[in-house]
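Down below is the structure, laid out as structure tokens.
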Protein chains: 2
Amino acid sequence: MIPEATVARLPVYLRALTALADNGIRTCSSEDLASAAGVNSAKLRKDLSYLGSYGTRGVGYDVDYLRYQIAREIGVTQDWPVVIVGIGNLGHALANYSGFRSRGFRVVALLDADPALIGQTVAGVEVQPFDDLEEIVRTHDVAIGVIATPAFAAQDVADRMVAMGITSILNFAPAVLTVPEGVDVRKVDLSIELQILAYHEQRKAGGATQGAAAAAAATDGGAA
Amino acid sequence: MIPEATVARLPVYLRALTALADNGIRTCSSEDLASAAGVNSAKLRKDLSYLGSYGTRGVGYDVDYLRYQIAREIGVTQDWPVVIVGIGNLGHALANYSGFRSRGFRVVALLDADPALIGQTVAGVEVQPFDDLEEIVRTHDVAIGVIATPAFAAQDVADRMVAMGITSILNFAPAVLTVPEGVDVRKVDLSIELQILAYHEQRKAGGATQGAAAAAAATDGGAA
DNA sequence: CCAATTTTGTTCTCACGTTCACAAACTCCT
DNA sequence: AGGAGTTTGTGAACGTGAGAACAAAATTGG
Ligand SMILES: NC(=O)c1ccc[n+]([C@@H]2O[C@H](COP(=O)([O-])OP(=O)(O)OC[C@H]3O[C@@H](n4cnc5c(N)ncnc54)[C@H](O)[C@@H]3O)[C@@H](O)[C@H]2O)c1
Ligand SMILES: NC(=O)c1ccc[n+]([C@@H]2O[C@H](COP(=O)([O-])OP(=O)(O)OC[C@H]3O[C@@H](n4cnc5c(N)ncnc54)[C@H](O)[C@@H]3O)[C@@H](O)[C@H]2O)c1
């Protein structure tokens with residue numbers, strides 16, 4: 001129903017609305033919100049139109065009302081239990097990330113295969129053996145899993161997650177995951193992002209081969 | 001010249017080719033590589049055609065040769081110096097990330113505003129005060145900066161980076177950055193990814209309002 | 001050397017996403 | 001009440017990307 005590109009922007013609007021509300025702003029125009037969210041105002045209005053008609057012509061949008069409507073549409077008015085698998089460098093950072101909790105996601109378990117980690121407390125949650133996955137998923141009705149293991153283990157972890165009933169996976173490991181129909185996978189890959197930046201950087205430098213050129217002769221624009 | 005969507009996939013092909021090479025495979029068809037990269041083979045061939053004609057009809061692609069060509073096109077045959085600003089939970093994880101080094105990115109400095117962190121060694125690199133940014137950028141010809149500070153500090157850090165000559169920024173803070181023309185910004189936002197998953201999860205559950213429904217009545221497909 | 005087979009590179013078509021432009025709908029002021 | 005001024009919601013034009021289909025080019029076998 002709602003285009004995928006729009007779905008990906010709704011959380012950005014939500015964040016911008018929260019920032020406006022924190023500043024005591026109660027009403028905003030599509031222009032205001034678009035600027036806060038870093039998008040074109042026409043695109044913003046079209047995106048919002050997929051949710052319904054929550055604005056008032058000549059006036060704009062009620063910040064709190066729109067915020068609630070978007071939150072409801074995304075599904076963050078309810079609490080989502082989440083498990084994190086792989087409590088290494090990245091897993092620790094994720095477990096300590098406060099942005100989880102504040103946006104409706106609750107870390108119900110931290111799992112790892114390394115016996116040395118089991119029993120340690122990270123961010124107030126005890127690390128459990130990976131084999132506890134089944135019980136945790138069943139007990140807490142977990143639908144979302146986060147993979148922060150090395151790449152070689154990622155597919156295996158994903159398979160086990162799917163077998164236990166998890167239907168949404170956020171994957172930080174640099175590996176292509178194969179999952180059955182009906183399971184959503186999103187990947188976050190730092191090194192891909194850096195490589196994309198490097199590509200554009202190389203172009204800016206005029207395709208010079210040696211060293212990182214400092215002079216950025218902006219051939220091709222592309223500010224985000 | 002090369003479509004943005006293609007640029008974003010080239011690093012994935014590169015990773016897949018490396019995996020094939022590690023398995024001793026010296027030649028592969030577009031079908032093989034596409035499958036390893038998780039894309040359609042027609043799309044793969046079209047993507048590669050933007051780089052040139054590096055395959056042989058009736059045979060396929062030489063793994064090492066193609067790998068070099070893609071690496072050169074992206075720009076990862078050279079070394080890219082990178083600075084990381086904000087050495088908190090996430091900054092620590094990034095500093096310890098081995099995938100940086102192995103893909104041509106070299107962390108030349110870790111910067112933070114917190115005096116308590118200055119002087120500490122993280123992943124073999126000493127944390128320096130943020131004010132050292134100018135000297136570091138000048139000394140190492142740094143073009144790429146990573147922001148891992150809290151959101152409220154992100155725009156300020158970005159401004160200072162741009163003023164020092166950095167032209168590519170990878171931003172982990174949940175904030176919209178405004179930068180001049182010619183500067184590229186890419187953002188990685190964990191909570192946005194989770195919210196997108198939550199949206200689809202809610203749809204799978206039939207839009208039920210209470211709790212996280214376990215029964216995933218796959219109404220709308222969407223496996224990645 | 002030539003035909004059969006394989007696999008690339010490319011063309012064509014369709015779907016999706018973005019942006020412009022404007023009528024509809026609301027407020028405010030006189 | 002009515003007109004002027006705003007701002008939304010959306011139809012239409014445009015651009016980009018995905019995928020099917022096929023001709024061109026290489027190998028292999030006779
Ligand atoms: N550190 C970063 O900043 C960073 C950035 C981007 C991507 N990544 C990726 O994220 C992943 C984790 O990175 P990291 O630096 O935390 O690595 P890490 O080695 O520090 O941690 C990996 C953890 O996964 C555990 N593990 C291994 N196999 C497992 C299994 N089968 N089941 C459960 N747990 C298992 C290990 O015991 C370890 O604790 C890697 O794939 C890495 O490429 C990391
Ligand atoms: N921890 C995670 O897993 C995670 C995940 C996604 C996004 N993020 C985002 O990444 C950012 C960092 O997260 P974190 O958990 O590491 O936070 P943190 O609070 O642990 O670390 C932030 C660091 O930035 C430093 N800092 C603050 N202002 C600065 C400035 N002006 N200049 C230089 N350094 C400054 C602080 O001293 C601190 O060391 C946040 O914006 C967070 O929302 C974190």
Side-chain angles (χ1 to χ4, degrees), chain A residues 1-13 16-17 20 25-63 65-67 69-70 73 176 196 199-200 220-224, chain B residues 1-13 16-17 20 25-67 69-70 73 196 199-200 220-224:
Chain A
M1 197 74 179
I2 298 183
E4 195 54 37
T6 297
V7 171
R9 281 188 296 266
L10 291 179
V12 180
Y13 302 154
L17 283 166
L20 290 176
I25 296 167
R26 311 198 64 80
T27 296
C28 70
S29 68
S30 63
E31 204 73 49
D32 297 336
L33 182 52
S35 145
V39 302
N40 183 298
S41 72
K43 182 149 66 177
L44 171 79
R45 286 199 300 277
K46 176 149 275 192
D47 283 341
L48 294 184
S49 77
Y50 291 113
L51 313 192
S53 286
Y54 296 132
T56 307
R57 298 178 191 216
V59 178
Y61 301 92
D62 181 280
V63 172
Y65 181 59
L66 183 59
R67 184 155 63 129
Q69 293 299 339
I70 294 178
E73 189 70 37
V176 176
I196 295 171
Y199 170 82
H200 291 296
D220 187 344
Chain B
M1 196 74 174
I2 297 184
E4 196 54 38
T6 297
V7 171
R9 281 188 295 266
L10 291 180
V12 180
Y13 302 154
L17 283 166
L20 291 177
I25 296 168
R26 311 197 66 79
T27 295
C28 70
S29 69
S30 63
E31 203 73 49
D32 297 337
L33 182 53
S35 146
V39 302
N40 182 296
S41 72
K43 184 151 62 180
L44 170 78
R45 287 198 300 277
K46 179 172 263 190
D47 284 342
L48 294 185
S49 77
Y50 291 113
L51 312 193
S53 286
Y54 297 132
T56 307
R57 298 179 191 216
V59 178
Y61 301 93
D62 181 279
V63 172
D64 277 334
Y65 180 60
L66 182 59
R67 185 155 62 127
Q69 293 299 338
I70 294 179
E73 188 71 36
I196 295 171
Y199 170 82
H200 292 296
D220 187 344

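Only this structure's heavy atoms are used, side chains among them; waters, hydrogens and symmetry mates stay out. Naming convention: chains lettered A, B, ... in sequence-line order (proteins, then strands); numbering from 1 in each chain.
- Taking atom CG of L44(A) as the reference point, atom P of dG9(D) lies 10 Å away to the nearest angstrom.
- A donor N or O paired with an acceptor N or O is not found under 3.5 Å between the base of dT7(D) and the side-chain atoms of R57(A).
- Of all the residues in residues 25-34 of chain B, S29(B), S30(B) reach under 4.0 Å from DNA chain C with at least one non-hydrogen atom.
- Backbone-only engagement by A5(B) is indicated by non-hydrogen atom pairs under 4.0 Å involving sugar-phosphate atoms exclusively.
- The base of dG19(D) sits with one of its N or O atoms less than 3.5 Å from a complementary donor or acceptor on the side chain of K46(B).
- What separates NZ of K43(A) from P of dA12(D) is a distance of 22 Å, to the nearest Å.
- Here the side chains of Y50(A) and M1(A) are not in contact, with every heavy-atom distance at 4.5 Å or above.
- Between N40(B) atom CG and dG19(D) atom C1' there is a gap of 6 Å when expressed in whole angstrom units.
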V12(A) and V39(A): side chain to side chain contact (heavy atoms under 4.5 Å, CB included), yes or no, with the steps?
CA-CA 10 Å; V12(A) 180; V39(A) 302; 5.8 Å; no
Considering only distance and modelled atom types, tabulate donor-acceptor pairs under 3.5 Å from the side chains of residues 2-9 of chain A, sequence neighbours left out.
| residue | atom | partner | partner atom | Å |
| --- | --- | --- | --- | --- |
| E4(A) | OE1 | H200(B) | NE2 | 3.1 |
| E4(A) | OE2 | H200(B) | NE2 | 3.1 |
| T6(A) | OG1 | D47(A) | OD1 | 2.7 |
| R9(A) | NE | Y13(A) | OH | 3.4 |
| R9(A) | NE | D47(A) | OD2 | 2.7 |
| R9(A) | NH2 | D47(A) | OD1 | 3.1 |
| R9(A) | NH2 | D47(A) | OD2 | 3.2 |

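- Here the two rings, on Y65(A) and Y54(A), have centers that are under 6.0 Å apart.
- Across the protein-nucleic acid pair, Y61(A) atom OH and dG9(D) atom C1' stand 7 Å apart, rounded to whole Å.
- With rounding to the nearest 0.5 angstrom, the CG atom of L48(B) is 10.5 Å from the CD atom of E73(B).
- Here the C1' atom of nucleotide dA20(D) and the CZ atom of R45(B) are 10 Å apart, to the nearest Å.
- D32(B) places none of its side-chain heavy atoms less than 4.5 Å from the side chain of I25(B).
- In this entry the distance linking OH of Y54(B) with P of dA26(D) reads 16 Å, nearest Å.
- In this structure, L66(A) places its CG atom 11 Å from P of dT8(D), rounding to the nearest Å.
- Counting any heavy atom pair closer than 4.0 Å across all strands shown, Y50(A) reaches no nucleic acid atom.
- Per the geometry, CZ belonging to R9(B) stands 8 Å off C1' belonging to dA18(D), to the nearest Å.
- No donor-acceptor distance shorter than 3.5 angstrom exists from the side chain of T56(B) to the backbone of V59(B), with no hydrogens or angles considered.
- Summary of the strand contacts: L48(B) and A42(A) both lie near DNA chain C, and taking for each the nucleotide with the nearest heavy atom, the more 5' one is attributed to L48(B).
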